[in-house]
Structure formats: C-alpha cells, structure tokens
Enquirer: 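Following this message is one structure expressed as structure tokens.
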Number of protein chains: 2
Amino acid sequence: MSAGHTAVTTELFSDPSEDCGVRDVLDRLGDKWSVQVLVELSRGVRRFRELQRAIPGDISQRMLTLTVRRLERDGMVRRTVHATVPPQVDYELTELGRSLAGLIRTMSDWSAEHHEAIVEFRRDWDAAHPDAEIR
Amino acid sequence: MSAGHTAVTTELFSDPSEDCGVRDVLDRLGDKWSVQVLVELSRGVRRFRELQRAIPGDISQRMLTLTVRRLERDGMVRRTVHATVPPQVDYELTELGRSLAGLIRTMSDWSAEHHEAIVEFRRDWDAAHPDAEIR
DNA sequence: CCGCATCCTGGGCGATACTG
DNA sequence: CAGTATCGCCCAGGATGCGG
C-alpha cells in the first residue's frame, strides 16, 4: 500500500477473462463475517471467545471457525495454539492481513462518503417503482 | 488492548455497531456479476445484449437483469429506454458509478499486487492440512 | 475454552419457456 | 431486442450437540 510503484494495469482488466484475483478477495470480503473479523483483529491480538463477543451480530461458533480458518488459509490471519489447559488460541493479523485491513479502510472511507447518496437513490427508486421484487 | 503493538490503525470503525454502509457496498460487490458489469460499463455505454455478450462466464438474462436493476437502484447505473422497434435500452455509469469503478480499480490493484502471495499461502495451507473441507 | 459433526433453511443463481 | 415468469439446485450460514 505504501510503496508507490504500481503502473502495471492501465485498463481495469486488460484481459476480460483475467480478473487479477479480485474475485478471490471479493468472495472473502463479500461473505457475512470476514470484514468484521479483520476489523476486530486490526485492533490487536484476540482469542476465540474474545472475537466472538466483540463482533456485533451474534456470530455462531461454526461461522467464526470457518471465517477465521479461511482467513488463515489465505494468509491474512496467524493462528497460535497455546498448549495450556484449558486451551488458548490467539489470532492476529499477518502483514498481508494488515495490508488488507488497509484496503478495507479505503472501502470504508468510500462508503462513508457515498452511503447517504446511495440510500437516497434507493428511496427514490423504490418510490418510483412501488411494486418491485428487487429488494 | 495489547501493548507494544504498532498503533498504525486509527480505529477502522469508531463504533463497532456502525459499519458506515460498507456492508451495503460489499453485498453488491460480493455478488457474482456486479463487478464485471461495472467494469464493462466503465468502458462506455452498452446495450443489454452487448453487456451480456461482453461479460465472460455466460451470465443469464435473468441475472443480468437483476444485477443491472440493483445497480440502477443504488444509483450506480443509468438506464435509458428508447421507444424504438425493436426496443433498445442503454446502460451507462452515473457519476457515483464511476466513483465506485475507481474503488474497484483500487481493489483490483491491491489484488494484482498480492494475489500471488495469497495463492502461495493457500497452497502451503492445503499442503499442511491434507484433509480439510474448508475450500 | 476451542472447536468439529450433523441437520436444516433461505436465498443466490441457473435453465427454460413465454411476451411486447 | 429486452425483458418477465417459473422451477429447481446448491450452498452459505444458523442451531444444536458432542469431544479434547
């Protein structure tokens, strides 16, 4: 993010069949919990239950496990198991994960700036299309 | 909070219960076709069939309609119906849509820069976890 | 405390057929 | 051409219960 050498892609996607891997990133970021987990971990190291309690919206154990496992597989999160009783597992962002958190921050800023406009557009559209199943 | 950790993070989301509307954006960008539609429209005005043919992956009429309708509702796309026979409908990005395309560009650049690392992490993880159903 | 196994439901998505 | 209508599949994700 900080390095200033990125002049590879002139067009958005030079090859239509090649999406540079944005899909991989969006498939992760697009799911229900990954962003919240990344945001919470950007605040510091967290244990499993800490994560679960900190995340708004009542994430189930199953989904937290899946989410954090996939993030680990993608190299965004490091998982550390302490051989204690009872067991303790710490989660923290990797360098790559912090970089992704930076991207999320960028997206968050964009959203904050345009969210109101979006909501307004939606309201107008819904008013102009009384019965639509678009949701 | 953990001490000794670099405080680069300026609080991603000040209020945990407030996600600034990133969810709205990610719910759209996270679906299967929106990004590709936005990218194609960032190249210029397109008609319905043009869009369908230009997008790789064989998008169905139904999904193209749904995708483009939702983008219109969110104020990203302007839809213009010409009263001709046969009917002709043009789609183009709004100012807001172009702004979003810019964000997608940012995400695309990030992905291009880190995709290889991600793929490598996945390969290593999969190797270290021979039998896992995480995918 | 930290998970995994299992069952179940809702909605995203595709295929197909029909209309103006 | 540019949609609408219907059906059916698949899978993300919730609930629950067990195990180390």
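Within every chain, numbering begins at 1; the chains are lettered A, B, ... in the order of the sequence lines, protein sequences first and strands thereafter.
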Enquirer: Would you kindly give the CG-to-C1' distance between A:Leu66 and C:dC4, to the nearest whole Å?
Expert: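 Atom-to-atom, A:Leu66 to C:dC4, this comes out as 10 Å.
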Enquirer: Taking the side chain as everything from C-beta on, heavy atoms only, tell me whether B:Arg78 gets closer than 4.5 Å to B:Glu72.
Expert: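 Not in contact.
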Enquirer: Quick one: which of D:dA2, C:dC1, C:dG3 gets closest to the side chain of B:Arg47?
Expert: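 Taking heavy atoms from C-beta onward, the closest nucleotide is D:dA2.
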Enquirer: In whole Å, what is the span from the CD1 atom of A:Ile134 to the P atom of C:dC13?
Expert: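 It is 13 Å, rounded to the nearest whole Å.
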Enquirer: List for me each residue that meets side-chain hydrogen bond (donor to acceptor under 3.5 Å, both in side chains) alongside B:Ser34, sequence neighbours excluded, and say none if there are none.
Expert: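 side-chain hydrogen bond (donor to acceptor under 3.5 Å, both in side chains) check on B:Ser34 returns B:Asp31.
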Enquirer: Measuring only between side-chain heavy atoms, which start at C-beta, is B:Pro87 closer than 4.5 Å to B:Val81?
Expert: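 The answer is no, as the side chains (C-beta and beyond) never meet within the 4.5 Å cut-off.
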Enquirer: Does B:Tyr91 make a side-chain N or O approach to OP1 or OP2 of D:dC1 shorter than 4.0 Å?
Expert: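 No, B:Tyr91 has no side-chain N/O under 4.0 Å of OP1/OP2 on D:dC1.
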Enquirer: Tell me: CG of A:Asp58 to P of D:dG13, nearest whole Å?
Expert: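 One finds 16 Å between P of D:dG13 and CG of A:Asp58, rounded.
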Enquirer: Rounded to whole angstrom units, what separation is found between the CH2 atom of A:Trp33 and the C1' atom of D:dG14?
Expert: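 My rounded result for the distance is 10 Å.
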Enquirer: Find the distance B:Asp131:CG to C:dC4:C1' and express it as a whole number of Å.
Expert: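 Spelled out: CG on B:Asp131 to C1' on C:dC4 is 13 Å.
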Enquirer: Of the nucleotides D:dG3, C:dG3, D:dA2, which one has an atom closest to the side chain of B:Arg79?
Expert: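 Minimum distance to the B:Arg79 side chain belongs to D:dG3.
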Enquirer: Is A:Arg28 close enough to D:dA12 that one of its side-chain N or O atoms is under 4.0 Å from OP1 or OP2 there?
Expert: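 Result: no.
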Enquirer: When rounded to the nearest 0.5 angstrom, what is the spacing between CZ in A:Arg70 and CH2 in A:Trp33?
Expert: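 Nearest 0.5 Å value for the CZ-CH2 distance: 13.0 Å.
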Enquirer: Mind checking the CG-CD spacing from B:Leu103 to A:Glu113? Nearest 0.5 Å is all I need.
Expert: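 If I round to the nearest 0.5 Å, the distance is 10.5 Å.
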Enquirer: Please, which pairs that meet ring pair (Phe, Tyr, Trp, His ring centres under 6.0 Å) have at least one residue in residues 66-112 of chain A, sequence neighbours excluded?
Expert: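 Residue pairs passing ring pair (Phe, Tyr, Trp, His ring centres under 6.0 Å), neighbours aside: A:Trp110-A:His114.
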Enquirer: Rounded to the Å, how far apart are A:Leu64 CG and D:dA15 P?
Expert: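 Value for this atom pair: 14 Å.
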Enquirer: In whole angstrom, what separates B:Gln52's CD from D:dT4's C1'?
Expert: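 These atoms are roughly 14 Å apart.
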Enquirer: Go through the structure and list residues passing side-chain hydrogen bond (donor to acceptor under 3.5 Å, both in side chains) with B:Asp124, not counting sequence neighbours.
Expert: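 Partners of B:Asp124 by the side-chain hydrogen bond (donor to acceptor under 3.5 Å, both in side chains) criterion come out as none, since no residue qualifies.
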Enquirer: Drop me the distance from B:Met76's CE to B:Leu96's CG, to the nearest 0.5 angstrom.
Expert: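 Going from CE on B:Met76 over to CG on B:Leu96, the span is 4.0 Å.
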Enquirer: Show me the protein contacts with nucleotides 9-12 of chain C, counting only N or O atoms at under 3.5 Å.
Expert:
from: C:dG12; atom 1: OP1; to: A:Arg135; atom 2: NH2; distance (Å): 2.5
from: C:dG12; atom 1: OP2; to: A:Arg135; atom 2: NH2; distance (Å): 3.4

Enquirer: In terms of the nearest nucleotide of DNA chain D, which residue is placed more toward the 5' end: A:Gln61 or A:Pro87?
Expert: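 On the 5' side of the pair lies A:Gln61.
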Enquirer: Identify, with sequence neighbours excluded, every residue that meets side-chain hydrogen bond (donor to acceptor under 3.5 Å, both in side chains) alongside A:Arg73.
Expert: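 A:Arg73 satisfies side-chain hydrogen bond (donor to acceptor under 3.5 Å, both in side chains) with B:Asp126 once adjacent residues are dropped.
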Enquirer: Given Watson-Crick or G-U pairs with both distances under 3.5 Å, what dot-bracket string fits DNA chain D, with | for other-strand pairs and [ ] for crossing?
Expert: ||||||||||||||||||||
Enquirer: Within this structure, what is the NE2-to-P distance between B:His82 and D:dA2, rounded to whole angstrom?
Expert: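 Interatomic distance, NE2 of B:His82 to P of D:dA2: 10 Å.
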Enquirer: Could you work out which one of C:dG3, C:dC1, D:dG3 sits closest to the side chain of A:Val89?
Expert: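 Output: C:dG3.
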